[in-house]
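To start, the structure under review is shown below, and the notes come after it.
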Amino acid sequence: MHLLKDRGFVHPLSSEITPKATYLNRRTLIQGLAGAAATAASSAWPALAQGGRPGKGAALAANRSEVAGATATDKPTSYADITSYNNYYEFGTDKSDPARTAGTLKPRPWTVVVEGEVKKPGTFDLDALLKLSPLEERLYRLRCVEGWSMVIPWIGYSLAELIKRVEPTGNAKYVQFVSLADKAQMPGLSAPVLEWPYVEGLRMDEAMHPLTLLAFGLYGEVLPNQNGAPVRAVVPWKYGFKSAKSIVKIRFVEKQPKTSWETAIASEYGFYSNVNPKVDHPRWSQATERRIGEDGLFAKKRPTLMFNGYEPQVGQLYAGMDLKKYY
Ligand code: MTE
């Protein structure tokens, strides 16, 4: 993330962001309808893919989620920005590297191993995972620890749906995510920037929270490789690095699991990593953020919100905890 200097963001051509206008028109229309018929809205929500898709991925249809907090009110970031400004160190440390180099990732066939403290461990084929629960569209804010943010229309379902199927034992206190680490597919693995495979983790109640998403797509299509195809986690109230990409293993464990960033620099990246404007990173403030797409010469920084704006939904998970200590 900051082991190497970010060389800056290349603004997309206006021709590349046209699909956003299509998307926004549809969203405005649907939001209007939703007010009048809230209960019918989710089934009426058309796949974003209809009427022209933004990228080259296969269409992935989904209804709008009814989980509280699942729809940010801010404007979605353009497809071009979401898919060209990435952190995916297995494909290079520059923001523009993953879009250029992740073509070597093979997202099919794909399996996810679920193991550890569960009564029903197993290996899930991607198609089985896709069918496990109805796919939902969720517009989440993503705040990166580096100080920028985006608003992304993800497609997936609550990770809790999968967790319930595998029946965790009483010893399951944490969940660890393991990303793919294959040198043949991932050129960045030859650089010792992080310990591979990339690992992340959540406390069990965080993993079970309905906002924690197992994502398979964005903007009406399957996930582009650079965004973590074919399946990733999205934890919207935590800094972006908690959201592991291209997951191959989900492990249920009793002790707080290792994470790649904590292993690399424990004094800077803690296990919790909740978005918190009041707790600075040792090397910079976390009080404000730059919204990707609004980074013109006169664009104002936005104030960062407690728990990235999801405090009403997740604040109680941390009641009584010293968030300076558990950063
Ligand atoms: N997952 C893996 N396996 N490797 C990574 O380097 N980067 C993280 C996270 N997940 C990363 C990862 C960081 S720092 C961020 S901000 C988000 O992915 C970025 O997700 P996006 O590129 O889809 O916006």
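First listed ligand is number 1; within each ligand, the first listed atom is number 1.
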Would you check whether R232 reaches within less than 4.0 Å of ligand 1, judged by its heavy atoms?
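Distance cut 4.0 Å: R232 passes for ligand 1.
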Atoms of ligand 1 close to S179 [distance to a heavy atom under 4.0 angstrom, numbered from 1]
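Under 4.0 Å from S179, ligand 1 has these atoms: 3 (N).
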Residue N86 vicinity, atoms of ligand 1 by number, heavy atom under 4.0 Å
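What qualifies from ligand 1 is 21 (P), 22 (O).
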So that I can tick it off, tell me whether [Y] and [X] are bridged by a salt bridge, with the cut-off set at under 4.0 angstrom between side-chain N and carboxylate O.
X: D322; Y: K324; result: no
X: R143; Y: E289; result: yes
X: E195; Y: K258; result: yes

Pick one of side chain, backbone, both or neither for how E90 approaches ligand 1, counting any non-hydrogen atom pair under 4.0 Å.
side chain
Apply side chain to side chain contact (heavy atoms under 4.5 Å, CB included) to residues N86 and N227 and explain how you reach the verdict.
CA-CA 7 Å; N86 302 97; N227 293 91; 3.2 Å; yes
Under 3.5 Å between some N or O of ligand 1 and some N or O of W261?
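W261 vs ligand 1: no N/O contact under 3.5 Å.
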Polar atom proximity, W154 to ligand 1 (N or O, under 3.5 Å)
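No, there is no polar N/O contact under 3.5 Å.
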Between Y157 and F216, what is the ring plane arrangement, given parallel below 30°, perpendicular above 60°, and tilted in between?
tilted
Between F241, Y269, Y198, which one has a non-hydrogen atom sitting closest to atom 2 (C) of ligand 1?
Y198
If you measure from atom 16 (S) of ligand 1 to every heavy atom of C144, A215, S246, which option wins on shortest distance?
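Result: the heavy atom closest to atom 16 (S) of ligand 1 is in C144.
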In Å, rounded to the nearest 0.5 Å, how long is the span from NZ of K173 to CD of E254?
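Separation between the atoms: 5.5 Å.
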